[in-house]
Amino acid sequence: YLQKAQETEKEIGILGGSGFDDPTLFNNQTENDVTTPFGKPSDVLIEGQISGVPCALLARHGRKHQYQPSDVNYRANIWALKQVGCTHVLATTATGSLVEHYKPGDLVVLDDFIDRTWGRRCTFYDRTEGGPKGVCHLPMRPAFCEKARRALIEAANAKGYLCHEKGTAVVIQGPRFSSRAESLMHRQWGGHLVNMTTVPEVVLAKEAGLSYAAVALVTDYDCWRENETSVSVSEVLAMFAKNVKKAADVILDAVQILAAEADHTYLESHKELVSSAVMLKE
Ligand code: ADE
C-alpha cells in the first residue's frame with residue numbers, strides 16, 4: 001500500500017519564481033541546494049506544501065536574475081525538479097504578442113512552439129554520466145501536457161482573468177529582441193507569441209517524463225505594428241510586474257486542481273512515451 005501511495009504521490013514544480021514571494025505561501029518551507037548530473041540549477045529549490053500539496057519553487061533566471069535566457073541551465077533546472085520528486089512542472093513566462101487580439105496583460109496557455117534557439121543543451125540523452133542512456137527521438141505533438149494545460153485554463157477562467165486557451169510561441173535566442181523583419185516573419189509563420197525560454201524547457205520536461213504546461217503573460221507587441229517603436233526592457237518589466245500576480249494565482253489554483261485529479265494515467269503515458277522514443281538503451 002505504501003509503495004502504491006508513493007507511486008501516485010504528486011509534487012508540483014513551479015518554474016518562473018516571480019510573483020510567488022509571499023512568505024506565508026509555503027508550509028514547512030525548506031531551501032534545497034540541489035546538484036544534478038547536468039550541473040547546478042539556477043538557484044536553490046524552495047520546497048514545502050502549498051495548501052497541503054508538495055511543491056518546489058525554482059527561479060528560472062536565479063533569484064537575482066543573474067542568468068540570461070541563453071545561459072540558463074535548463075537541463076539542471078528540470079532535472080533538479082525531477083530529482084526532488086516533481087511529477088509536474090508549471091511555468092510562467094513573459095512574452096511579446098505577434099497578433100492584435102493577444103493584448104498586453106492577457107494570459108495565454110501555450111500549446112505549441114517554433115524553435116529559433118541555437119547552441120542550447122536541449123537533450124538529457126548525450127551520454128552525460130549519471131544521465132539516461134540511449135538515443136531519444138521524442139515526438140513533439142502535443143508539446144505540452146494537455147491535463148496541465150486544462151488545469152491552468154480552468155484556474156484562469158474561475159478567477160475571471162482574460163485567458164487565451166492556445167498559443168504558439170516563437171522562441172528566439174536573444175538576448176536581443178527581434179528585428180522588424182523577423183517579427184513580421186514570425187507572424188507569417190503562424191506564431192502568436194515570442195519569448196526566449198520555452199525551448200528547451202518544454203522539450204526537457206517532456207524528455208524527463210513530466211507533465212509540463214506554461215502560462216504566458218503578454219507584456220508587449222514586440223515590434224511588428226505600424227507606427228510603433230520597438231519593445232523595450234522597461235515596458236516588459238513594468239507590464240510583467242503589473243500582471244505577474246495573475247499568473248501566480250492561476251498556477252496556485254492549478255496546483256490544487258492537479259492534486260485533486262484522481263486519474264493518473266496521463267502521468268504514466270508521459271513516461272511510456274519517453275521509453276518508446278529511446279533507441280539503443282544499453
Ligand atoms: N519577452 C517578453 N517580450 C518579448 C519579446 N517581444 N521578444 C522576446 N521575448 C520577450
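Note: hydrogens, waters and symmetry copies are ignored here, and every other heavy atom, side chains too, is used. Order of listing sets the numbers, starting from 1, for every ligand and every atom in it.
Remark: Glu154 does not engage Lys159 in a salt bridge, criterion side-chain N to carboxylate O under 4.0 Å.
Within 4.0 Å of ligand 1, contacts by protein heavy atoms are made from Ala94, Thr95, Gly96, Ile172, Phe177, Val194, Asn195, Met196, Thr219, Asp220, Asp222, Val231, Val236.
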Give the intermediate values and the outcome of side-chain contact (heavy atoms from CB on, under 4.5 Å) for residues Val108 and Thr95.
CA-CA 9 Å; Val108 186; Thr95 55; 5.8 Å; no
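Partners of Glu201 under the salt bridge (Lys or Arg N to Asp or Glu O under 4.0 Å) rule, at least two apart in sequence or in another chain, are Arg60.
Taking the six-membered ring for Trp, Tyr212 and His88 have ring centres at least 6.0 Å apart. Residues Tyr102 and His192 bring their aromatic ring centres within 6.0 Å.
Remark: the Thr123 side chain and the Glu207 side chain contain an N/O donor-acceptor pair separated by less than 3.5 Å.
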